[in-house]
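Below is one structure; the comments refer to it alone.
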Amino acid sequence: QVQLVESGGGLVQAGGSLRLSCAGSGNIASINTMGWYRQVPGKQRESVATFTSGGRTNYADFVKGRFTISRDNAKNTVYLQMLSLKPDDTAVYYCNANIRSWGRTTYVDYWGQGTQVTVSS
């Protein structure tokens, strides 16, 4: 079994910062892509920041210059440093990882349970 567990969400005032963490555990042989997505009620989940399979980073336009994604491969962990937060950043943030387990040859997408980020004006 594989689990992704997020932490670091919370309530912050506009202009403040938060750092999200997502740790993978369980039967993990290899991780391909990892990244962060967010969703607000009534809207589709959207990409925020991701690592490609080649290790490059992609950012949504609405977070460029404010958010930074980083990764610790030894810990199977991905982080999202969020600065200059805005009320529009309020959402549930989800971690995603494309993982191959030991004994398997294919990669499977896994999602964390989500962590709420609320930015007050």
Side-chain angles (χ1 to χ4, degrees):
Q1 295 288 351
V2 172
Q3 274 193 317
L4 297 177
V5 178
E6 298 117 334
S7 60
L11 172 64
V12 65
Q13 287 189 331
S17 62
L18 284 172
R19 187 183 190 225
L20 306 183
S21 299
C22 171
S25 63
N27 184 4
I28 298 174
S30 176
I31 299 179
N32 188 10
T33 59
M34 291 189 87
W36 291 94
Y37 295 73
R38 70 186 189 186
Q39 189 170 22
V40 297
K43 292 190 176 182
Q44 285 191 331
R45 192 171 297 185
E46 59 184 358
S47 175
V48 175
T50 59
F51 278 102
T52 69
S53 57
R56 295 166 63 179
T57 55
N58 286 326
Y59 291 95
D61 286 343
F62 53 77
V63 302
K64 282 182 181 177
R66 299 189 298 124
F67 292 8
T68 302
I69 189 171
S70 60
R71 181 172 172 176
D72 186 335
N73 291 329
K75 296 182 179 179
N76 294 328
T77 299
V78 64
Y79 305 95
L80 186 67
Q81 179 68 54
M82 304 185 292
L83 304 177
S84 302
L85 283 160
K86 306 174 182 179
D88 284 349
D89 294 319
T90 296
V92 177
Y93 284 71
Y94 295 92
C95 171
N96 169 270
N98 190 241
I99 295 171
R100 181 178 63 82
S101 295
W102 292 105
R104 304 273 182 164
T105 58
T106 57
Y107 285 82
V108 176
D109 266 353
Y110 291 89
W111 292 90
Q113 80 284 359
T115 184
Q116 177 71 45
V117 171
T118 303
V119 184
S120 64
S121 57

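Scored by the side chain to side chain donor-acceptor pair (under 3.5 Å) test, N73 finds R71 as partners (sequence neighbours excluded). For R104, the side chain to side chain donor-acceptor pair (under 3.5 Å) test picks out no residue, with sequence neighbours left out. Residues passing the salt bridge (charged side-chain N to carboxylate O under 4.0 Å, His left out) test with R38 are E46, D89, sequence neighbours excluded. Considering only residues two or more places apart in sequence or on other chains, N58 meets the side chain to side chain contact (heavy atoms under 4.5 Å, CB included) condition with T50, T52. Under the side chain to side chain donor-acceptor pair (under 3.5 Å) criterion, T118 pairs with Q116, not counting sequence neighbours. In this structure S84 satisfies the side chain to side chain contact (heavy atoms under 4.5 Å, CB included) test together with R66, sequence neighbours excluded. Q81 meets the side chain to side chain donor-acceptor pair (under 3.5 Å) test with no other residue; sequence neighbours excluded. Every residue meeting the side chain to side chain contact (heavy atoms under 4.5 Å, CB included) condition with K64, not counting sequence neighbours, appears here in chain and number order: Y59, D61. Looking at residues two or more places apart in sequence or on another chain, you find a side chain to side chain contact (heavy atoms under 4.5 Å, CB included) between S7 and S21.
The hydrophobic clustering, which links ILVMFWY residues whose side-chain heavy atoms are closer than 4.5 Å, places Y79 and V48 apart. Under the 4.5 Å side-chain contact rule for hydrophobic residues, F67 and L83 do not share a cluster.
Side-chain atoms of T90 come within 3.5 Å of backbone atoms of V119 as a donor-acceptor pair (strictly under, hydrogens ignored). In this structure, the side chain of T77 does not engage the main chain of A23 through any donor-acceptor pair within 3.5 Å.
The disulfide bond (SG atoms under 2.5 Å apart) contacts involving residues 10-95 comprise C22-C95, where partners must be two or more places apart or lie in separate chains.
Put simply, the residue from L20, I69, D72 that forms a side-chain contact (heavy atoms from CB on, under 4.5 Å) with V78 is I69.
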Open item on the list: The test is side chain to side chain contact (heavy atoms under 4.5 Å, CB included); show your working for Y110 and Q3 and say whether it passes.
Closed with: CA-CA 8 Å; Y110 291 89; Q3 274 193 317; over 6 Å; no

TODO: Test side chain to side chain contact (heavy atoms under 4.5 Å, CB included) on M82 and S17 and set out the steps.
DONE: CA-CA 5 Å; M82 304 185 292; S17 62; 5.9 Å; no

- [ ] Evaluate side chain to side chain contact (heavy atoms under 4.5 Å, CB included) for L80 paired with R19, printing each intermediate quantity in order.
- [x] CA-CA 6 Å; L80 186 67; R19 187 183 190 225; over 6 Å; no

TODO: Might you work through the side chain to side chain contact (heavy atoms under 4.5 Å, CB included) test for V117 and L18, ending with a clear yes or no?
DONE: CA-CA 9 Å; V117 171; L18 284 172; 3.9 Å; yes

May I have the list of side-chain donor-acceptor pairs in residues 25-35 shorter than 3.5 Å, sequence neighbours left out?
from, atom 1, to, atom 2, distance (Å)
N27, OD1, W102, N, 2.9
S30, OG, Y107, OH, 2.9
N32, ND2, N98, OD1, 3.4

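Contact between A14 and P87 at its shortest, heavy atoms only, is CB-CD, 4.1 Å.
Taking CG from D109 and CG from L4, the interatomic distance works out to 10.0 Å, rounded to the nearest 0.5 Å. Within the model, atoms CZ of F51 and CG of N96 stand 13.5 Å from one another, a figure rounded to the nearest 0.5 Å.
Clustering of Ile, Leu, Val, Met, Phe, Trp and Tyr side chains at separations under 4.5 Å places W111 together with Y37, V92, Y94.
Contact check for F62 versus K86: no side-chain heavy atoms found under the 4.5 Å cut-off.
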